[in-house]
Amino acid sequence: MGERQKIQQAFVLEVGGRAVLALFAGDIEHARTFCSQDWFWGELATYRSGGRPIWDSTSDLRIRHAKPCEVTELHIALELEQFRREYDGYVFAFLVPVDADLQ
């Protein structure tokens, strides 16, 4: 019998009180740890919404449990990654419009 899959819960990263990103994690501490890594902050700072940075490197970041509509967005993102065969164990769903990369 294979290794038992860990049940994942859905969480949301809020930036300055605004829900911006949903993710799966084993528990809220794991979600906090994941989102507190330097590479994550650096990556988040590169995204823009409406021409403005999603995270300006000074706004407060907070992790909370996802609401039902946010969980749905996350499941849609998961199914899309699985369909594309791009799922590698991590899935995120932006809850705000993300500007196209114009470079």
Side-chain angles (χ1 to χ4, degrees):
M1 189 177 287
E3 184 179 321
R4 182 175 224 151
Q5 186 174 3
K6 190 174 184 179
I7 295 175
Q8 299 285 298
Q9 299 176 52
F11 299 95
V12 167
L13 172 67
E14 290 185 350
V15 177
R18 179 181 181 200
V20 297
L21 185 76
L23 66 143
F24 285 121
D27 57 43
I28 199 162
E29 286 307 315
H30 182 251
R32 285 183 181 130
T33 299
F34 188 83
C35 292
S36 67
Q37 298 178 42
D38 289 339
W39 72 265
F40 183 86
W41 290 7
E43 183 75 17
L44 187 63
T46 66
Y47 288 93
R48 302 179 79 73
S49 179
R52 304 169 87 186
I54 288 179
W55 182 57
D56 60 9
S57 75
T58 61
S59 296
D60 291 333
L61 302 176
R62 182 175 91 91
I63 299 290
R64 63 165 171 78
H65 288 275
K67 297 175 182 174
C69 61
E70 297 161 338
V71 174
T72 299
E73 291 294 327
L74 198 50
H75 280 286
I76 291 168
L78 173 61
E79 288 179 19
L80 185 58
E81 285 200 13
Q82 289 173 331
F83 177 77
R84 292 178 178 164
R85 297 176 193 233
E86 297 174 351
Y87 179 66
D88 62 359
Y90 297 98
V91 64
F92 305 94
F94 278 101
L95 303 172
V96 296
V98 176
D99 296 349
D101 185 9
L102 302 176
Q103 297 178 6

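Just so it is clear, the values below take in all heavy atoms, side chains as well, and ignore hydrogens, waters and symmetry mates. Just so you know, these numbers come straight off a predicted model, no measurement behind them.
- In plain terms, the two heavy atoms of Gln9 and Asp27 that are nearest each other are NE2-CA, 4.0 Å.
- Note that CD1 of Ile54 is 7.5 Å distant from CZ of Arg18, once rounded to the nearest 0.5 Å.
- A pairwise comparison of heavy atoms in Glu43 and Thr46 identifies O-OG1, 2.6 Å as the closest pair.
- Annotation for Ala93 and Ala77: closest pair CB-CB, 4.0 Å, computed over non-hydrogen atoms.
- Sorted by first and then second residue, the pairs that involve residues 57-80 and meet salt bridge (charged side-chain N to carboxylate O under 4.0 Å, His left out), not counting sequence neighbours, are Glu14-Arg62, Glu14-Arg64, Arg64-Glu70.
- Rounding to the nearest 0.5 Å places CZ of Phe92 at 11.5 Å from CZ of Phe24.
- The only member of Phe40, Trp55, Phe94 that meets ring-ring contact (aromatic ring centres under 6.0 Å, His included) when paired with Tyr47 is Phe94.
- Using cut-offs of 30° and 60° for the angle between ring planes, the Phe34 and Trp39 rings count as perpendicular.
- Note on Val98: it clusters hydrophobically with Leu13, by side-chain heavy-atom contacts below 4.5 Å among ILVMFWY residues.
- The nearest pair of heavy atoms linking Asp99 to Arg52 is OD2-N, 4.5 Å.
- Listed here is the closest heavy atom pair of Ile63 and Ala31: CG2-CB, 3.9 Å.
- Residues Leu61 and Leu21 share a hydrophobic cluster, clusters being chains of Ile/Leu/Val/Met/Phe/Trp/Tyr side chains in contact below 4.5 Å.
- Side-chain contact check for Val20 versus Leu95: every heavy-atom pair is 4.5 Å or farther apart.
- Side chains of Cys35 and Leu23 form a contact here, defined as non-hydrogen atoms less than 4.5 Å apart.
- Closest of all the heavy-atom pairs between Ala25 and His30 is CB-ND1, 3.4 Å.
- In the hydrophobic cluster analysis, where Ile, Leu, Val, Met, Phe, Trp and Tyr join through side-chain heavy atoms closer than 4.5 angstrom, Phe11 is grouped together with Val96.
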